[in-house]
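For ligands, and for the atoms within them, numbers begin at 1 and follow the listed sequence. Residues: numbered from 1 along the sequence shown.
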Amino acid sequence: MAKFGDPKDAVELQEMSWAEPATGQLLIRVRTAGAGFPDVMMTGGFYPLLDTPPFGLGTEAAGEVVAVPTGSRFSVGDQVLGITAFLEGWGGYADYAYLREGSTIRIPEGMTDEQAGGFPVGFRTAYAGLVERVPVQSGQTLLILGAAGSSGATALQLGKALGTTVIAVAGSREKLDFCARLGADHGLNHRTDDLTARIAEITDGRGVDVIYDPVGGDTATTAVKSLARNGHIAVIGLASGAFVTLDPMDMLLRNYSAAGVLALPNDDPETEAAVWSRLAELADKGAIATPVGQVYGFDEVPRLLTEQGAPGAGKSVVRVAS
Ligand SMILES: NC(=O)c1ccc[n+]([C@@H]2O[C@H](COP(=O)([O-])OP(=O)(O)OC[C@H]3O[C@@H](n4cnc5c(N)ncnc54)[C@H](OP(=O)(O)O)[C@@H]3O)[C@@H](O)[C@H]2O)c1
């Protein structure tokens, strides 16, 4: 990406060369790369961790390892998926990409290329939210906002795999059907349903134990009213354009808490490796699978960036090469 702005002006193809990967990275030939709202934020210049173009877009990718540093646990020829070195300016919408070795796994058996490219960020974020920061317990009720989106749909699956009852919130009948196919127990339309009344009905007035919130804004601020005593909200993002509004007095009086969630790797590499093993295991046994939505060609990245502002159901993926 050359400059911030409208995708059709901001994004351009550039000839690059890739040096041998540094320690802690792998170089892959990219087949697929996952998309999400962070791309929209990066293109528009409001992603908090990248403030100076030019940089390469694409936070996650899958493909074949073509170079590794000495001492790597991967080999040339391995088929892998992982989080790119996008924070260092090297994204996944490219012929080649650097992956963070600690955030990379071999592609589980039976996973398609599209599922592989769209796996890392959504599921690593859902794990950070629902296991590390706000651990959910089997039998609890989990409310997921933006439940048909990249973050929401992955959290929905992980939430089901962890034994929670999931209430999915999305903006259309089609998206709620999509959430139901992913295992949601209940579906609410934030455009037409009275969220507070419907959640009270579903939970017999008790409220939900955890809210997973990649959306923020009025929807999240309304949802917070339905948190049960001792509940928690995991603050993931602001797809609505604004974060949730929290009132400390209300938090105190109703005994709930909020946790910010950023899916960066753990400082301890073994702990981080264990997270990825668990995700690979869940994928292997079919408990989680990337909810692939629209698939774009490499030359369609500007269109993807425009459409990602109001995406359809599921995780958008770019097919870079066959
Ligand atoms: N913390 C982390 O580590 C982390 C990692 C990844 C992403 N994120 C953040 O999470 C946020 C979402 O990213 P994403 O990739 O999941 O986005 P996405 O795929 O575009 O999904 C966002 C969803 O939000 C819903 N939405 C938008 N405006 C809404 C509103 N006003 N009320 C209710 N729902 C609304 C849309 O669904 P409907 O059509 O159903 O309304 C859409 O499906 C971004 O802010 C991103 O930066 C954070």
Side-chain angles (χ1 to χ4, degrees), residues 33-50 57-60 83-84 86-87 103 118-134 143-158 167-180 182 184 187-193 195 211-224 233-245 258-266 275 290-294 304-317:
F37 196 74
D39 294 321
V40 177
M41 298 170 74
M42 288 177 203
T43 314
F46 55 99
Y47 187 75
L49 301 173
L50 276 173
L57 289 166
T59 56
E60 55 192 340
I83 295 185
T84 62
F86 71 100
L87 290 177
S103 307
F119 185 88
V121 169
F123 284 115
R124 182 64 186 89
T125 308
Y127 193 94
L130 301 178
V131 178
E132 296 176 318
R133 301 287 291 132
V134 181
L143 181 77
I144 299 186
L145 305 182
S150 312
S151 305
T154 45
L156 191 169
Q157 292 186 36
L158 187 62
I167 305 175
V169 178
S172 69
R173 184 70 259 159
E174 184 213 5
K175 286 187 174 180
L176 289 172
D177 289 345
F178 177 81
C179 294
L182 296 180
L188 301 179
N189 185 329
H190 66 83
R191 295 183 210 284
T192 56
D193 282 325
L195 293 189
I211 299 173
Y212 189 85
D213 174 25
V215 167
D218 291 345
T219 307
T221 305
T222 299
V224 164
I233 176 168
V235 177
I236 308 296
L238 69 170
S240 69
F243 278 111
V244 62
T245 303
V261 177
L262 181 60
L264 283 179
N266 281 287
V275 171
T290 309
V292 176
Q294 175 108 13
L304 152 79
L305 295 168
T306 303
E307 292 179 357
Q308 195 61 41
K315 176 88 184 172
S316 303
V317 175

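- To the nearest 0.5 Å, atom CG of residue Leu188 and atom CG of residue Leu176 are 7.5 Å apart.
- Formation of a donor-acceptor pair under 3.5 Å by the Thr125 side chain with backbone atoms of Ala263 is not found in this model.
- Within 4.0 Å of ligand 1, heavy atoms belong to protein residues Gly36, Phe37, Pro38, Met41, Val121, Thr125, Gly146, Gly149, Ser150, Ser151, Ala170, Gly171, Lys175, His190, Arg191, Pro214, Val215, Thr219, Ile236, Gly237, Leu238, Ala239, Ser240, Val261, Leu262, Ala263, Gln308, Pro311.
- Distance alone, capped at 3.5 Å, places no donor-acceptor pair between the Ser150 side chain and the Lys315 backbone.
- Judged by distance alone, the side chain of Glu60 and the main-chain N or O of Val121 form a donor-acceptor pair under 3.5 Å.
- Around CG of Asn266, the count of heavy atoms belonging to other residues, nucleotides or ligands within 6.0 Å exceeds 12.
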Side-chain donor-acceptor contacts of residues 36-50 below 3.5 Å, not counting sequence neighbours, with atom names and distances?
residue, atom, partner, partner atom, Å
Asp39, OD2, Gly36, N, 3.1
Asp39, OD2, Tyr93, OH, 2.6
Thr43, OG1, Asp39, O, 2.6

